[in-house]
Every structure is written in structure tokens, then in C-alpha cells.
Amino acid sequence: MKSVSAEEAVAMIPNGASIMVGGFMGVGTPERLLDELVRQKKTGIALISNDAAVPGKGVGKLFEGGQVSRMIGTHIGLNPKAQQQMLANEITVDLIPQGTFVERIRAGGCGLGGVLTPTGVGTLVEQGKQKIEVNGKTFLLETALRADFALVHAFLSDYVGNLSYALTARNFNPVMAMAADTVIVTAEHIVPVGVIAPDHVVTPGPLVDYLVANG
Amino acid sequence: MKSVSAEEAVAMIPNGASIMVGGFMGVGTPERLLDELVRQKKTGIALISNDAAVPGKGVGKLFEGGQVSRMIGTHIGLNPKAQQQMLANEITVDLIPQGTFVERIRAGGCGLGGVLTPTGVGTLVEQGKQKIEVNGKTFLLETALRADFALVHAFLSDYVGNLSYALTARNFNPVMAMAADTVIVTAEHIVPVGVIAPDHVVTPGPLVDYLVANG
Amino acid sequence: MDAQTIIARRVAQELRPGNLVNLGIGIPTLVANHVPEGLKVFFQSENGLIGTGPIPEQGMAHPLLTDAGGKPISALPGAATFDSAMSFGLIRGGHVDITVLGGLQVDAGGHLANWMIPGKMVPGMGGAMDLVSGARRVIIAMQHAAKGKSKIVGKCSLPLTSARPVDMVVTDIAVIAFPGGKATLMETAPGLTIAEVLAVTEAELAIPDMVPEMKL
Amino acid sequence: MDAQTIIARRVAQELRPGNLVNLGIGIPTLVANHVPEGLKVFFQSENGLIGTGPIPEQGMAHPLLTDAGGKPISALPGAATFDSAMSFGLIRGGHVDITVLGGLQVDAGGHLANWMIPGKMVPGMGGAMDLVSGARRVIIAMQHAAKGKSKIVGKCSLPLTSARPVDMVVTDIAVIAFPGGKATLMETAPGLTIAEVLAVTEAELAIPDMVPEMKL
């Protein structure tokens, strides 16, 4: 793990990269990295994020300048800009069930090729997917999802990158921290090694590539 | 959730039941429930447990009186009694890779039909299993596993059954607590509601059916 | 009593002690305000919490503790937080006893459409498909009609949320269940006759010998 | 230097700063004692711990803190614990940089057999198959021969652990790697000639122009 500034961290991300961003309606999103993505005008982003948040918050900021070219998520209904760009075919959006979204990312991070889920069987979601029967029940085969980068927000990080999360800001962060080639983390508090008890570490340090230093 | 004695808890388990037991080489195993399974002479048990522990410890105790008729696990090499019963065909043992074992149980608890794993491809483990290709890579389809009962050992339980675990005694307990029709828990310490911080609860109370009262 | 209160209060009667309950946005959220005195249930918020409490007092909100809409909530003693994989493991795995969701249409076979209107409203399904596929009981809480048109239809014209039928629909004028896969009028709102309910219902409803009024 | 020390010390040279390392039982466990001074690596125990430390002092062992064999260990500052799903997510997902395992046979194509001898030894594969399938680098640490028979064979006669070839084999007399899928002699133990190594090796080994001695 290396310590970097937000500017240095985002400078590593090329235009056109696939980026997972933690957070649920902007809660638990690494806001400083989003601000820096906007400031450095990164474009052509393939965004993997649960939702499009709201304008001016979290990943919502990326839609204002047209920085997203493609998105995989579960809900974009509260960001009119994202809605509008999707309906105008300016961006491609794959909307998938939330349980499927998180399992695909988990599979990507855990070396699984995919999972069988009952969710989506008999709906539009099943289009183009393999159906597999197990013990007489039908499931969809949903394949693993990975990204070039994961932007993760933790509550605590220690000096070696052990992370813990707070309340509902945990959400997609721990699974995304396993599913990307490069993992960049911001934390509300950076603390000495040993402050986070072993049983309370959710994301072990070896998963973290870069920790953004606090100001 | 109901509070019961170990005797009452085990009395609910019929002969021939499938039982998941948490623990890794007897560490994190609900020892008092195992003792009670022995005392009540339950037989024909379909045991789902990572290993056979060692004689006299954890699930190892069940082999001494011939109480196990079938086992799904990953390693029984340190329990000569279990080895001997398997080689004599007195019990049927399905030995499967440990990562597959835990994912099958997790799938059972999370409503997934199964997962695709690369582990076992090209080995004896692939026999009789469906092979599925995803993006040019071959995976085995490993199906979900559930049980009638899960016997779980926690470090802390509060009065409503919120559980946390200690150190390497966590192992298979949290996934098993999701994958059985009836979940019975012992805890080293039973504490008032609120003692376990929300972020430190690993198994939420609604998953627990019975908590064994301490002496 | 207004329409929303009728629905929320009637749905709340379905809760049982110790149930793990997931409430959708809109009318379903109101159910939490009508839990019978002394009944202990657990409310799950799918963004990662069991034990959601009421909106916090002024100055007590925390930005990292919100509901699935991103709005501040509180947590009750004994609450538990977890990541989204666990949250949907609970949902898909049948650990949620009851989910209460809004609906656009429910058809005579109990099939629900509640996530999109092609070409008009395409917000994404969020957690709805998993909830309907995985929760033990699915209760739809919605107005019986919208813009004068029955939302209880013969066959859904909108895209389905799940192939799995819902268990119960509670509207401002009726309770409908699906014994044997057939939409059946179980209760009417106080003061309404069976004929009045049928007159504003597109789907054909089976009528049992006894159709009591809702007890609110 | 005895055979085990040669192997453990040579394997330890493969560790890089910050590596997440999983050591199997037997000779691989000894690698932890030979980590070069000042090199920081993380050791994982697959029963749910990153940051394993040495055997605790008398009276300091805790029954809930053990290695994968059930033996008491300690944990270093900065250790993290987790459940088995996470532990094998780390292993299968390529997050473990190096695993060091024992072997019964490795063949000319780098295939490993290390988990059973049909009819004789059927303990179960435990985590071995996941480790060989998922770790970024797989290093086999074993004696070159057992009971006078080479363990580096033309083709494994015992059941394979994985279809994925290992990256390196370190024995008491040689280091073998598999560039282009072909067993190649990379180093010999101090004082041994290439011919002496080949004489006790069943598999055909490619011989590069330079075959240095191990630097221990």
C-alpha cells in the first residue's frame, strides 16, 4: 500500500477506464476522489455504481460534465441528468437488480465465474442470459464483474490499509475493494496500526493499493 | 429468537437430520451442543462440517459412537476414527475443496442456486459436475448446500441474538447461520442489547432461532 | 381515515412478533407508523441495516446513517449493519419474513409490475426484483386505481418485477390474496360493498362466501 | 545446512515487500522463519487471519486463535480476522500473492499432486485446490526425492491438485521453474553439479546456458 494525494491518485486513472465507486445514494462514496475526477476532466468513464446519486453529490457529479459513457447500476431515478442522458442515448446504462449487481462484483473479487440467481427469471432481465436448472428450480447465470479501478470510502483506515466502515456507509465498498485491479481508498480517519481490532477489520490491508492522505 | 437449554435444543433434532456445525479443527465449535448430541445418542447424522476435528474434540466426538452416517467436508485427516470409518465404507464422506464448501453453504443461505468456481477443474473433483465456460475460462457449477439445523458458536450474543465472533473461531459460523432451517447458537458471553455495536454485529439476531442459555 | 392510512394500518396487521420486515418507499414506509402497540419486529433497510428507527431529532442526524433513499434515519438499540452482499443475501435467501412494496399493476395471477414504464419511467429496479423473488411474504401496498384506471388488472401490460406471484395486495378499498393462484377478494374497506369494489377492479376476482370488512 | 533449511531459506528469497503469503503445513511453514531482515510481508492462515505471528509464549495462547492445524498462534499488530468465505475469496480471487505448499509429485508440465494417494491416504484436499487454482504464484517446497524415488516426475501418477501448473519448485537440491510450460533447471544446491541433479530427477529438465548455484 502507498499513500498518495487525491490528485496523484486520480492522475493514475486514464480516460476510458472502468471504475467501481462505492456508495449508496452518495452515502459512503469517496467524495474527494469524485471531485478530483471532475477537476481532472476524466472522460469516457465506464461507471460501475449502485446508483447515479443526485446532482452535485457522489457519482452524480460525473454526469453534469458528461464524463460517463457507460454505466452498470441498479437505479438512476433520482438523478434527472443521468435519466436524460440515458433516454437520449448519450450514455449506455445497464440497469440490473441490486442483489445481482453486488453478487457479480463479489464473484469478480472472489475468483468465481458467476452465480446462479432466481432474481430476474421471467422478466426482461433474463434476456440474453443462460438459464440453468438446479433441483427443478430455474436460475439465471450472472457472470462476474471487475473493473480497472475501485474507489472506496472507509470510516477508519490504519497505516497499512486495514479498513472499517460506519453504519450504512459500508454498502458496496467492501466487495468493490476486492474486484478491481487497482484499489484507491479515502478514509474519514487514518489511525495507527492496532487501533482497529482484528475482529473489526472488514477490508484487510493487502487489498488496498493506495490510501489517500488526509489534508 | 427463543432461549433454551442445551438439552432442549438438541432434543429438537431428530435422528437422521442434516446438521451444519461451525468450527475449524474444533475451534469455534459449539462444544456443549456436541456433548449433548453424544449424550442424547442422536444417530444417522448427515454432518456438514469443514473437518472431522480430532478424537474427543468438537465434531470428532460424533465419530466415536458411530453417530455420523454421512459427511460433507474438506479434510478428515486428523481424526483416525473418521478415516477408518470412511475407508471401511461405514460412512459416506464427500470431500470437497474448502473454498467450494464455504461457497456452496453461502449460496444456500443467500438464495443462490450455486456458483461457478475454477477450483477442481481438471481434477477428480469435476466428476459428475456441469462445466460452464465464461469468457473462455472453464468453471465447475457447484450447487447450493443447506441443512435442517446449523449449530453455531459465537463469542458474544446479545439478548436478541445479534452475534459477533472472536479471532479464528469465526470461520464457517456466519455462513452456516444463514443456511439452515433452524439455527441454534451457543455463545461464550451473553450480553445486554446494545453492548455489541451495530458495526460489529456479524450475524444479525433475526437469523438466530434458538440461543442456548449459559449455565 | 385517508387512503394511505387505511392501507398502512391494514398492512401493519400482517406483521408477526420477531418478523424481519423490509418496507419499500412511498406508502409502504408508512407501515412503520402503524405497528400495533407492543409488537416487536425488525425493520431492514436494504442499504445495510436491521433496526431502523424514526427520523432523528434536529441536530442528531448522521450523514453515514440513511435509508435506501439517502434520507437520515436513526437506529434502535440492537441494530446491526452490514454490506450489500449480506443485505441481499438476507433478502434473496428468504430471511426477510415480509416485504411491503408499492405497485404499478398487479394481475389476476398475482404478478407484480412496479419498476418501469417503457419509454417513460426507467429508473431501474434497485432492490425490488430481489425482494419479490426472495422474501417469504410479499405484500403490495398501493392505491386501488390511478387516474381512474384499476391497478388490479387481468394481465400486467407493464414489465413484470418477478415471475413469483405476490401474496397479498392491500389497497384503499380492498384486500386481495391469491389462494390457488387466483385473485380473491378477502376484505373490503369499511362501508364499501363487494359490488362497489368489483365495479372499479379490472381483474376478475373470486368472491368467497364471507368477505369481511377490514378491521382498522 | 539441512535439507529443510535449504528449501525454506531459498523459498523465502521469493517474497517481495507487501506480499500476502499463504504457507502450507510441513516444510512451507518453516519459510516464515527465514524472511529476510526488514522485509514486510503478510502471512494468511486460511482459517481466517492475516497477520499470523509466532507461537505465543507459555500461558499466552488463546483457544480461539489457532492456525489451520488447530495449533495456537499469535497475531501481529495490524492483523485482521474474517470468515471462511472471505478467506477463500482472498485465495481464489488472486489476492494471495504467493502460496507455498508441499508436494507429493510435480511433473514436467508443472502439474502438482499433493492431496491423496488412492486407497492409502485420503485426508481430503482442504484448501489446497483453491490455493493452487487461485494464488498469483504457486511455489512447491519439498524434498527432491522420497524413499529414493524422484518426486519430479514425467507425468503425475497421483491425482492432480489443479489443472493450473505451479510456478516454481524448490527442493533440497534444485530450483525448477516452467518457462513455456517446460520444466527447467534454474539453480542447483551449493556444491552440486547439473549432472548430479539430473541423475536423481525422473522428469526431463531443460538446461539453460547458465545454471547458478542457490545463494543461501
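Letters go in sequence order (proteins before strands), and every chain restarts at 1.
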Under 4.5 Å from any heavy atom of chain C - which part of [X]:
X: Phe155(A); answer: side chain
X: Phe172(A); answer: both
X: Glu126(A); answer: neither
X: Ile105(A); answer: neither
X: Pro118(A); answer: both

In terms of side-chain heavy atoms, does Thr29(A) have a donor or acceptor partner in His153(A) at a distance below 3.5 Å?
no

Between [options], which shows the greatest number of heavy-atom pairs under 4.5 Å with chain C?
options: Glu188(A), Glu103(A), Arg170(A), Met86(A); value: Arg170(A)
options: Thr74(A), Ile96(A), Asn79(A); value: Thr74(A)
options: Ala169(A), Gly120(A), Gly99(A); value: Gly99(A)

Considering only NZ, NE, NH1 and NH2 on the basic side and carboxylate oxygens on the acidic side, decide whether [X] and [Y] come within less than 4.0 Å.
X: Glu31(A); Y: Lys57(A); result: no
X: Arg39(A); Y: Glu36(A); result: yes
X: Arg146(A); Y: Asp181(A); result: yes
X: Asp97(C); Y: Arg16(C); result: no
X: Lys81(A); Y: Glu64(A); result: no

Distance col, row His111(C):NE2 vs Leu160(C):CG, nearest 0.5 angstrom, shows 6.5 Å

Side chain / backbone / both / neither for [X] at chain A, heavy atoms under 4.5 Å:
X: Thr161(C); answer: backbone
X: Met116(C); answer: side chain
X: Ser87(C); answer: neither

Most heavy-atom pairs under 4.5 angstrom with chain A, which of [options]?
options: Ser162(C), Ala68(C), Gly134(C); result: Ala68(C)
options: Ser84(C), Ala85(C), Gly124(C); result: Ser84(C)
options: Asp83(C), Leu49(C), Leu65(C), Asp67(C); result: Asp83(C)

Heavy-atom pair with the smallest gap, counting every atom of Ala189(C) and Asp172(C)
CB-O, 3.3 Å

Do the side chains of Thr92(A) and Met71(A) get nearer than 4.5 Å, heavy atoms only?
no

